[in-house]
Amino acid sequence: MSNPLDVLQEKIIQSQSIVVLTGAGVSQESGIRTFRGEDGLWNDYRPEELANYESFVKDPATVWEWYEWRKKIIIDSKPNDCHYGLSTIESKKKLSIVSQNVDGLHDEAGSKNLIELHGNIWETLCVQCKDIRKNKSLHETIPPYCSLCNGLLRPNVVWFDEIIPMSTIESISEKINDCDLFLILGTSGLVQPASWFGMHAKQKDKYVIEVNIDITPNNQFYDLHIQSKVGEVFSRLNYDF
Ligand code: OAD
């Protein structure tokens, strides 16, 4: 049987078009906690109290406090070998990333063809005038207000009671229809719609490789599962192709 890393390497070289789905596991080696699992954020915090619009409207300061706490951790984190590996591959062939991560590390590593499915923690969205700004810094006072209209600002992230636009889902489906390799990296596969993309890729007969330190629910449907840390896997690939 071939070594799984050799298969991944070969598939990357052979593919004309690659789509990559990433989750919190991709930033774990950059020092950012995942949501689920032993050290997961959702063990200490309740998503329904912090990650939904209803709670934000009731108590914007508490929701902002939580985001500022996460930003403080993320602000000093650097992309790891997985983020850099993906941007290097993108510089050589067609590759798109669909990331559930809000930390902005794919962008920092130089990835251009990037859909941040759950938004970006460094962006604010004015609830009144809808102005979006990006600023990699912490707020001096919370909740912050819009410099244009004085409306309340919120983090430009997707919350549990919010829906990702259908046009975004359709555009991702089209990318998957057009690819020959679909990589699923460091995601538990428990949150829709991202968890649906792997099955969609299989229905379209794409080669699907998952890299995760754990076994995931849809694991048995994929062509290859590499049970390792993503940063370690990407550090061992050869990028001279
Ligand atoms: P999870 O925390 O649910 O899952 C992280 C996955 O990464 C798990 O399957 C781990 O086994 C795996 N993992 C951890 N470290 C790894 C490493 N170094 N290498 C490889 N795999 C590793 O995170 P997501 O799947 O991204 O949504 O969660 C999806 C969404 O749920 C998040 O975007 C967030 C959360 O609630 C919102 O906030 C809307």
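Whatever order the structure lists them in is the order used to number ligands and atoms, beginning at 1. Fair warning: this is a prediction, and the values are worked out from it, not measured in the lab.
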- Query: Applying a heavy-atom distance cut-off of 4.0 Å, which protein residues contact ligand 1?
  - Reply: Gly23, Ala24, Gly25, Gln28, Glu29, Thr34, Phe35, Arg36, Trp42, Gln100, His118, Val158, Phe160, Gly186, Thr187, Ser188, Val191, Asn212, Ile213, Asp214, Ser228, Lys229, Val230
- Spacing of CG belonging to Asn156 relative to SG belonging to Cys126, to within rounding of 0.5 Å: 11.5 Å
- Mark yes when over 12 heavy atoms from residues, nucleotides or ligands other than Gln227 sit less than 6.0 Å from its CD; otherwise mark no. yes
- Message: Going by side chain to side chain contact (heavy atoms under 4.5 Å, CB included), name the residues that satisfy it together with Val7, two or more places apart in sequence or in a different chain.
- Response: Ser2, Lys11, Tyr207, Leu224
- Task: Please assess Asp103 against Ser27 for the test side-chain hydrogen bond (donor to acceptor under 3.5 Å, both in side chains), listing each intermediate value before the final yes or no.
- Result: CA-CA 8 Å; Asp103 54 39; Ser27 294; 2.6 Å; yes
- Does any donor atom in the side chain of Gln100 or His118 lie under 3.5 Å from an acceptor atom in the other side chain? no
- Strictly by modelled atom types, are Ser99 and Thr22 linked by a side-chain donor-acceptor pair under 3.5 Å? yes
